[in-house]
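Below is one structure, written out as structure tokens; comments come after it.
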Amino acid sequence: MAHELAKQYDPKQVEDRIYASWLKGNYFHAACDPEKKPYTIVIPPPNITGQLHMGHALDNTLQDILIRWRRMQGFDTLWLPGTDHASIATEAKIVAALKEEGISKEDLGREGFLKRAWEWRAQYGGRIVEQLKKLGSSCDWERERFTLDEGCSKAVREVFVNLYEKGLIYRGERIINWCTHCKTSISDAEVEYEEKDGAFWHMAYPFTDGSGAIIVATTRPETIPGDTGVAVHPDDERYKDLIGKTVRIPVIGREIPIVADTYAKMDKGTGAVKITPAHDPNDFEVGLRCNLPILNVMTDDGFMNEQAGKYAGMSLMECRKAIVADFEAAGALVKIEPTKHEVGTCYRCHTSVEPRVSKQWFVKMKPLAEPAIKAVRDGKTKFIPERFDKTYYNWMENIRDWCISRQLWWGHRIPAWYCDDCGKITVEREDPTHCAHCGSAHIHQDPDTLDTWFSSALWPFSTLGWPDKTPELAHYYPTNTLVTGYDIIFFWVARMIFSACEQMGEVPFDTVFIHGIVRDELGRKMSKSLGNGIDPLLVIDKYGADALRMTLATGNSPGNDMRYSEKKVEASRNFANKIWNAARFILMNLDGTEKAPYVPADLALEDKWILARFNALVKEVTDNLEKFELGIAIAKLYDFIWDIFCDWYIELAKIRLQKHDETTETAKAVLIYVLSETLKLLHPFMPFITEEIWQTLPHEGETIMLSPWPKFDEALCFDAEEATMNSIMEAIRAIRNRRAEMNVAPSKKAHVYVATEKKDVFSAAVVFMQRLASAEEVILGDSFDLDGAVSIVTADAKIYIPMDDLVDFEAERKRLQKEKEGAEKKLSGIQAKLSNPGFLAKAPAAVVEGQRAEEAKLIEKLRMIEESLAALG
RNA sequence: GAGGGUAUAGCUCAGUUGGUUAGAGCGCUUGCUUGACAUGCAAGAGGUCGGUGGUUCGAGUCCACUUAUCCUCACCA
């Protein structure tokens with residue numbers, strides 16, 4: 001049968017159909033076969049609010065490459081997919097949607113709001129999953145999980161109770177980061193610092209005994225109503241005598257003491273610092289040490305409260321202006337010093353974060369961090385690239401307790417009940433009906449929910465069934481590779497590691513494969529506000545998923561950012577088309593009776609050469625994948641397919657294909673073999689086109705997805721044939737080069753005389769030269785005496801092309817002279833090395849040998865160039 | 001303030017444990033309806049690998065210093 005394939009590859013005709021066939025074949029499903037070695041990846045669960053962006057596309061392409069490769073290698077592979085409930089982001093979206101309808105979440109009430117939230121999740125939660133499928137992701141969709149599903153919730157509950165019972169979770173009044181827009185506490189990791197213009201306002205606080213004033217500086221005048229002290233360093237000679245005195249806050253009028261605390265640095269500002277324990281983390285600590293009262297002067301939505309007296313009801317900025325104006329009027333404003341300031345903002349909404357004292361739940365971090373640090377130090381989990389372990393250590397070693405309670409409704413509700421009678425807390429695995437301390441039935445549950453990252457932290461084991469002892473957990477845990485961006489190491493990776501160490505006594509994965517972020521063409525971060533984001537789905541629609549994947553894989557080197565540009569996708573699309581046409585050509589030459597791919601017995605020179613090159617490729621690509629050098633692996637595949645296979649081998653094979661004799665069958669067999677084996681190597685990177693072509697070629701098995709990964713084969717090493725082919729290719733390139741230089745049309749065939757000692761090599765090359773070097777006839781001999789011929793010198797031969805009318809003797813002499821100089825320069829470099837005793841003594845023998853061989857070649861080449869120059873007269 | 005990344009062709013980037021003449025894609029120049037592909041074929045121009053010094057027989061690769069640029073972390077009034 002003659003195959004009729006379109007001249008250009010059209011991914012739209014292929015991708016959805018192929019993906020459906022994979023699903024139908026159930027190929028993504030992990031069987032949980034205890035006999036087979038597992039390889040597991042858990043997906044970084046995208047937010048249900050999310051839409052696929054380039055970051056997801058990169059992250060999931062890398063995961064799919066790894067999982068497809070390991071699957072072909074015969075591992076029992078599990079790529080476990082799922083989504084994250086993303087409490088703060090999702091709740092914000094729903095609140096915004098409600099606002100459109102003119103209602104607040106309070107109007108709906110907790111129950112009603114959660115009903116809406118689940119409806120929202122039902123409607124949009126599957127969107128990103130469908131988008132992942134467009135990319136070709138071979139996740140085991142039967143095992144898809146959700147951080148708020150029953151099993152994950154059970155895991156969350158277990159961990160919370162567990163940590164509470166160990167005393168590693170506590171409730172306390174501490175200073176936390178408060179987002180006035182989201183109206184919830186957030187953790188330290190969720191604060192992003194942005195540089196903003198600010199100032200130091202120097203204010204004079206008069207002593208109550210009328211003996212003058214002390215000057216303090218502040219960047220936040222609006223906190224002045226909350227001041228409960230002024231601190232100076234105990235050793236500060238300037239202020240020693242003032243300790244214990246009181247000052248009166250200007251305008252406000254309240255009396256506050258001057259206290260001694262080492263937090264006040266003598267060399268900073270005036271050496272005296274106002275203390276606002278309710279609204280600054282450091283001041284909070286000072287307040288504790290010096291017994292200062294805590295005075296909260298703000299509301300939870302960013303206004304001054306009744307404690308702020310006349311400023312109550314103002315926004316923070318209004319209050320700041322008013323206070324500065326009032327102080328100035330009262331003569332208490334000493335000076336204003338403009339400055340830049342790092343201001344904490346909420347990572348979700350970028351509203352300024354207000355530090356404030358609040359009763360929240362915390363995880364005690366020190367005891368959890370230690371084993372997690374040790375695990376990485378011991379190499380149980382490795383970061384790729386390695387340098388990110390520094391980032392990890394740095395964070396883990398300086399970690400503070402983790403605020404895990406959120407004043408939100410969408411999430412895992414904190415499993416703590418407060419007794420209305422005895423006031424004690426009951427924390428249990430099952431919802432209690434009575435106080436565990438006094439037995440009272442008057443208990444009420446904490447209204448808050450847990451930080452989203454609390455449940456994400458359990459993802460590698462909660463998704464495998466923990467706390468139940470499931471076969472999946474036994475087989476697939478610990479997982480193998482976690483693929484994620486460096487921007488999420490703190491939020492997620494570190495927390496997974498310490499959670500797993502604590503709960504499982506084992507690290508969650510052996511390798512963390514870190515990638516960078518995808519930037520726009522100008523190197524800027526893709527962002528909504530800049531409007532420079534590229535929608536991967538549009539790219540897939542235009543160029544195909546394979547082209548997008550190829551682009552993302554090609555540019556990738558671990559840990560480094562990459563720039564997206566449509567030009568790169570075009571190049572990838574062209575590559576897909578190239579393979580398509582190579583396959584089309586091969587198929588055109590088949591009649592449908594061909595057997596499944598095999599290596600025929602009567603191999604020709606060029607067959608041995610391509611098989612040897614392919615064999616080397618197998619080894620290299622596999623090694624690169626083992627080392628997570630995905631970008632290098634795909635680059636090698638690209639070069640092999642385009643330059644080696646298409647531009648050389650197929651062209652050479654055409655000679656035999658057109659002969660229609662017994663050699664034709666060998667050529668066909670090798671073409672089929674090399675193409676289909678190469679498709680396997682390429683499949684993890686470009687799954688769709690490789691499947692489509694593989695299905696059309698003679699093959700065994702249902703799908704390329706499950707075909708065995710090629711192995712390096714000693715029987716396919718043909719060193720001598722490789723060397724021979726290299727000589728021939730060099731000669732062909734040299735001839736083409738000379739013809740191009742002289743502007744000889746390819747249609748003008750020439751006689752080619754090859755003077756060489758290696759006649760066996762070049763006799764094989766005769767037909768190649770005819771086909772690829774526009775040779776009409778190739779004459780071999782020991783030497784020729786041809787006047788008016790162009791001569792070409794290669795390492796193994798001297799080639800003459802008589803072209804009397806075309807030869808410009810002067811130009812020819814110049815060219816030869818230039819070539820001679822080049823060769824001489826190179827030779828002298830090599831000879832310098834070879835006469836260096838240090839080099840001879842210390843360099844490996846193979847390197848020295850290589851240099852000697854090169855020297856001999858150059859000497860011979862120079863001899864022939866001299867000869868040609870002499871012949872020119 | 002601390003830590004880290006990057007710097008290689010006009011542009012975007014590879015370059016694996018140090019080892020022949022530093023690679024690719026795009027762009028550029030020249031030629032080609034070579035019966036798979038113009039999303040193609042062939043040939044070519046273009047780089048003192050940011051700078052200085054060092055280690056080494058040998059450095060784009062390792063070390064020190066330095067410049068530029070980007071990022072992360074940090075409670076600095």
Side-chain angles (χ1 to χ4, degrees), chain A residues 5 7-9 175 193 200 216-220 231 263-265 268-276 280-285 342 344 355 385 387-388 390-391 394-395 398 400 486-487 489-490 516-517 521 523 543 554-557 559-565 567-568 570-589 620 623-624 627 629 631-632 635 638-639 643 646-647 650-651 654 658 733 736-741 743-747 771-772 774 822 825-826 829-830 833 836-844 846-848 850-851 853-855:
Chain A
L5 291 183
K7 200 167 169 183
Q8 288 185 347
Y9 174 62
I175 195 135
Y193 290 88
F200 289 126
V216 297
T218 181
T219 54
R220 307 190 62 211
Y263 166 67
K265 300 285 178 261
K268 209 160 241 173
T270 60
V273 54
K274 73 183 199 64
I275 302 298
T276 321
D280 182 280
N282 294 303
D283 292 8
F284 180 76
E285 298 295 325
E342 292 285 326
R387 64 183 137 89
F388 284 102
K390 283 203 195 81
T391 313
N394 188 42
W395 193 72
N398 299 302
R400 294 186 301 167
Y486 57 69
D487 48 338
I489 293 178
F490 304 135
I517 58 174
E521 216 156 352
Y543 296 99
T554 300
N556 184 265
S557 70
N560 293 334
D561 292 351
M562 60 189 300
R563 293 188 197 200
Y564 171 87
S565 88
K567 286 269 181 215
K568 293 181 183 176
E570 260 179 44
S572 303
R573 185 269 322 262
N574 293 353
F575 177 58
N577 196 51
K578 185 73 186 175
I579 304 164
W580 181 254
N581 275 288
R584 192 161 75 101
F585 171 75
I586 292 169
L587 289 163
M588 273 170 43
N589 284 283
E620 289 182 33
D623 286 351
N624 288 135
K627 289 190 275 182
E629 295 163 349
I632 298 175
Y638 180 96
D639 289 343
D643 299 337
C646 291
D647 289 346
I650 289 183
E651 292 307 320
K654 281 178 181 172
Q658 286 163 6
R733 284 196 198 98
R736 285 169 171 173
N737 176 340
R738 292 294 294 120
R739 292 179 57 105
E741 264 179 39
N743 278 317
V744 184
S747 53
R771 176 142 200 120
L772 301 183
S774 300
K825 200 176 155 196
K826 224 183 293 173
I830 288 173
K833 264 191 206 175
N836 180 341
F839 177 73
L840 295 176
K842 294 184 182 171
V847 174
V848 177
Q851 292 292 301
E854 187 67 16
E855 183 193 25

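By convention in this document, chain letters (A, B, ...) are assigned in the order of the sequence lines, proteins followed by strands, and residues within each chain are numbered from 1.
Applying the Watson-Crick and G-U wobble criteria (two distances, each under 3.5 Å), B/rG46 pairs with nothing in any strand. B/rC41 is paired with B/rG31 under the Watson-Crick or G-U wobble criterion, all donor-acceptor distances under 3.5 Å. For B/rG1, the paired base is B/rC73 (Watson-Crick or G-U wobble, both distances below 3.5 Å). Base-pair partner of B/rA14: not found among the strands shown (Watson-Crick or G-U wobble, both distances under 3.5 Å). Base-pair partner of B/rG58: not found among the strands shown (Watson-Crick or G-U wobble, both distances under 3.5 Å).
Using a 4.0 Å heavy-atom distance criterion, A/Arg400 is classed as a sugar-phosphate-only contact. Residue A/Ser565 is out of contact with every strand shown, counting any heavy-atom pair closer than 4.0 Å. In this structure, A/Tyr486 reaches neither bases nor backbone, as no heavy-atom distance under 4.0 Å exists between it and the strands shown.
Closest to the side chain of A/Phe490, out of B/rC73, B/rA77, B/rG31, is B/rC73. In the set B/rG27, B/rG19, B/rA14, B/rG27 carries the atom at the smallest distance from any side-chain atom of A/Lys567. Side-chain proximity of A/Phe839 to the nucleotides B/rA77, B/rG19, B/rA43 is greatest for B/rG19. Closest to the A/Pro844 side chain, of the nucleotides B/rU16, B/rG19, B/rC76, is B/rG19.
A straight line from CE of A/Met562 to C1' of B/rC70 spans 17 Å, rounded to a whole angstrom.
Below the 3.5 angstrom threshold, one finds a donor paired with an acceptor across the side chain of A/Asn624 and the base of B/rU16.
Note that CD of A/Gln8 and CZ of A/Arg573 are 7.5 Å apart. Values are rounded to the nearest 0.5 Å.
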Anything under 3.5 Å between a protein N or O and an N or O of nucleotides 36-39 of chain B, put it in a table, one pair a line.
residue : atom : partner  : partner atom : Å
B/rA36  : OP1  : A/Lys654 : NZ           : 3.3
B/rA36  : O3'  : A/Arg584 : NH2          : 3.1
B/rA36  : O2'  : A/Asn581 : OD1          : 2.5
B/rA36  : O2'  : A/Arg584 : NE           : 3.2
B/rA36  : O2'  : A/Arg584 : NH2          : 2.6
B/rA36  : N7   : A/Lys654 : NZ           : 3.2
B/rA36  : N6   : A/Cys646 : O            : 3.3
B/rA36  : N6   : A/Glu651 : OE2          : 3.0
B/rA36  : N3   : A/Asn581 : O            : 3.1
B/rA36  : N3   : A/Ala582 : N            : 3.2
B/rC37  : O4'  : A/Asn581 : OD1          : 2.9
B/rC37  : O4'  : A/Asn581 : ND2          : 3.4
B/rC37  : O2'  : A/Asn577 : ND2          : 3.4
B/rC37  : O2   : A/Lys578 : NZ           : 3.0
B/rC37  : N3   : A/Lys578 : NZ           : 2.7
B/rA38  : OP1  : A/Lys7   : NZ           : 3.4
B/rU39  : O4'  : A/Asn574 : OD1          : 2.9
B/rU39  : O2'  : A/Asn577 : ND2          : 3.0
B/rU39  : O2   : A/Arg573 : NE           : 3.1
B/rU39  : O2   : A/Asn574 : OD1          : 3.3
B/rU39  : O4   : A/Gln8   : OE1          : 2.3
B/rU39  : O4   : A/Gln8   : NE2          : 3.4

